[in-house]
Amino acid sequence: MEFETGAIPLSDIDGAFDLQATLESGQSYLWDRADGRMYESMDVYGGDAWYETVVPPIDGVSDEQAVVRVRQTDGRLEWEATTDAVPILTHLLRLDDDLDAILDATPDDSLLERAYDAYEGMRLVRDPPFPCLISFICSAQMRVSRIHGMQMRLAREYGDTVTVAGETYHAFPTADQLAVRTEDELRDLSLGYRAPYVQRTAEMVANGDAHPNDAVGLPYEDARDSLTQFVGVGDKVSDCVLLFSLGFLEAVPLDTWIQTAIADHYPDCEAGNYTETSRAIRDRLGGQYAGYAQTYVFYYLRAGGE
DNA sequence: CGCCAGGCTAGCG
DNA sequence: CGCTAGCATGGC
């Protein structure tokens with residue numbers, strides 16, 4: 001199999017775009033950087049590095065699994081893919097968002113402005129639901145680079161292998177492919193105590209008992225509750241899946257970094273429990289796009305900003 | 001060696 | 001309900 005190639009002029013989209021910030025900000029763990037330097041240069045623009053992933057079929061976007069490579073150079077996104085990558089990239093990288101309008105709809109607040117300035121053009125991602133669910137189950141008490149390493153390893157060990165132009169790519173395993181693995185096998189991949197969570201959640205999806213897409217269309221807090229039925233998914237992981245996969249842009253995952261930000265910058269939003277603190281910080285960050293603001297703050301603080 | 005990392009589950013009061 | 005011990009692993 002060979003690649004088709006193309007390019008998306010960034011003048012075609014509403015607002016700026018920064019591929020490195022979007023893919024190395026700890027939202028998606030499903031892309032790999034071809035030069036092997038993922039997360040090594042968080043503060044330094046990585047130039048025109050290629051990023052690659054194997055995308056499962058997406059309803060209404062692409063019928064078949066596709067290998068997609070992309071890099072940002074000279075005001076455009078160059079791509080190489082096994083099919084037309086324009087609709088796929090538009091979907092995965094949320095190129096259909098009007099970023100200026102979204103940022104205009106969030107509050108004027110000095111922390112947010114610093115974060116927006118530092119990573120202008122960062123967009124949310126729209127990850128495939130099942131891989132997103134598994135990657136954030138793995139994220140518990142784990143560093144960003146290790147979460148990424150785990151997902152790459154799951155793909156290498158258990159996912160489909162696709163060869164294009166002489167190179168081998170590994171798709172993230174489907175629920176069926178993961179569900180037949182044992183807890184011990186997953187522990188051997190150094191998933192630690194997350195191994196049974198991943199195995200049992202994959203089984204729930206494979207058996208048809210539940211699917212992350214079931215949350216789509218529910219009111220936000222009901223959607224968050226519904227995802228916690230999966231093993232290894234609490235409120236925080238649930239919010240990550242809602243925000244980074246299912247399009248709930250108001251979701252604000254309350255992780256350790258945001259808890260710190262609340263204590264330092266929004267102390268009156270600390271309400272003692274997840275539900276109430278979530279309501280308060282969502283309101284403070286502007287409501288419907290609060291998750292966009294959260295993701296900028298997360299990346300900014302993790303990179304050393306204050 | 002100790003500490004910490006995009007937390008969650010089970011079991012307790 | 002709210003609270004917390006225990007949980008794997010690797011990097012510093």
Side-chain angles (χ1 to χ4, degrees), chain A residues 21-31 38-40 42 115 119 122 124-125 127 131-154 157 181-204 210 212 221 224-246 248 251-264 270-279 281-282 285 290-305:
Chain A
T22 300
L23 294 184
E24 299 196 37
S25 50
Q27 305 181 53
S28 176
Y29 300 96
L30 305 174
W31 291 81
M38 195 85 168
Y39 308 119
E40 282 184 21
M42 210 152 63
Y119 299 108
M122 185 180 75
L124 288 180
V125 298
D127 268 355
C132 181
L133 179 65
I134 296 300
S135 43
F136 279 95
I137 287 172
C138 291
S139 76
Q141 292 293 104
M142 195 56 55
R143 268 177 248 281
V144 162
S145 60
R146 283 200 62 206
I147 302 165
H148 178 254
M150 282 181 184
Q151 310 319 306
M152 296 298 103
R153 186 148 186 212
L154 285 171
E157 302 281 346
R181 298 300 162 179
T182 65
E183 176 182 331
D184 284 343
E185 285 180 300
L186 296 175
R187 283 184 187 271
D188 287 343
L189 297 191
S190 48
L191 264 61
Y193 60 79
R194 304 155 198 78
Y197 302 164
V198 168
Q199 198 281 328
R200 292 175 60 192
T201 287
E203 209 160 49
M204 291 171 72
E221 288 186 348
R224 193 179 64 203
D225 286 344
S226 99
L227 290 181
T228 61
Q229 72 183 293
F230 294 105
V231 185
V233 179
D235 288 330
K236 187 271 171 186
V237 167
S238 184
D239 268 330
C240 288
V241 176
L242 292 178
L243 182 60
F244 302 135
S245 178
L246 300 182
F248 287 78
V252 176
L254 298 183
D255 60 60
T256 52
W257 291 95
I258 299 306
Q259 299 281 11
T260 301
I262 290 171
D264 291 348
E270 175 52 59
N273 63 56
Y274 196 100
T275 299
E276 294 303 325
T277 304
S278 168
R279 286 180 184 165
I281 193 67
R282 260 183 289 138
L285 296 180
Y292 245 104
Q294 183 274 358
T295 301
Y296 273 90
V297 168
F298 171 81
Y299 191 33
Y300 178 70
L301 293 178
R302 204 169 59 81

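Worth saying up front: this structure is predicted, and the values here are computed from it rather than measured. Just so it is clear, the values below take in all heavy atoms, side chains as well, and ignore hydrogens, waters and symmetry mates.
- Residues forming a salt bridge (charged side-chain N to carboxylate O under 4.0 Å, His left out) with A:Arg279 (at least two apart in sequence, or on another chain): A:Glu221, A:Glu276.
- Looking only at distances, a side-chain donor or acceptor of A:Thr201 sits under 3.5 Å from a matching main-chain atom of A:Val231.
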Contact pattern, 5' to 3', of nucleotides 7-12 of chain C - B, S or - by protein heavy atom under 4.0 Å: BBBBB-

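- More than 12 non-hydrogen atoms from other residues, nucleotides or ligands lie less than 6.0 angstrom from CZ of A:Arg187.
- Straight-line distance from the CD1 atom of A:Ile137 to the P atom of B:dC8: 10 Å, rounded to whole Å.
- Comparing A:Val231 and A:Ile258 along DNA chain B, the residue whose closest nucleotide (by nearest heavy atom) sits nearer the 5' end is A:Ile258.
- Of the side-chain N and O atoms in A:Asn273, none sit less than 4.0 angstrom from OP1 or OP2 of C:dC1.
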Distances for protein N/O vs nucleotides 10-13 of chain B N/O pairs under 3.5 angstrom?
none

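- Taking A:Arg181 as the reference, A:Glu185 meet the salt bridge (charged side-chain N to carboxylate O under 4.0 Å, His left out) condition, with sequence neighbours excluded.
- Atom-to-atom, OH of A:Tyr29 to C1' of B:dA5 comes out at 11 Å; the value is rounded to the nearest Å.
- Shown here are the ring-ring contact (aromatic ring centres under 6.0 Å, His included) partners of A:Tyr296, two or more places apart in sequence or in another chain: A:Tyr116.
- Rounded to whole Å, the separation between the C1' atoms of C:dC3 and B:dA5 comes to 22 Å.
- The backbone N or O of A:Ser238 sits nowhere less than 3.5 Å from a side-chain atom of A:Arg224 that would complete a donor-acceptor pair.
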Criterion side chain to side chain contact (heavy atoms under 4.5 Å, CB included) on A:Asp235 and A:Leu254, from CA distance to verdict: CA-CA 8 Å; A:Asp235 288 330; A:Leu254 298 183; over 6 Å; no

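- Atoms CD (A:Gln259) and C1' (B:dC4) sit 16 Å apart, rounded to a whole Å.
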Derivation and outcome, side chain to side chain contact (heavy atoms under 4.5 Å, CB included), residues A:Thr260 and A:Ile262: CA-CA 5 Å; A:Thr260 301; A:Ile262 290 171; over 6 Å; no

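- The residue A:Gln294 sits close to a base: some heavy atom pair falls under 4.0 Å.
- Rounded to whole Å, atom P of B:dA5 lies 17 Å from atom OH of A:Tyr39.
- Residue contacts for A:Gly234: at a heavy-atom cut-off of 4.0 Å it reaches the sugar-phosphate backbone alone, with no base atom in range.
- In this structure, A:Tyr274 atom OH and B:dC8 atom P are separated by 8 Å, rounded to whole Å.
- Atom CD1 of A:Ile134 and atom P of B:dC8 are 14 Å apart (whole Å).
- Not counting sequence neighbours, the partners of A:Tyr29 by the ring-ring contact (aromatic ring centres under 6.0 Å, His included) test are A:Phe136.
- The nearest whole Å value for the distance from the CD atom in A:Gln229 to the C1' atom in B:dC8 is 16 Å.
- Between A:Leu254 and A:Phe230, it is A:Leu254 whose nearest contact on DNA chain B lies nearer the 5' terminus.
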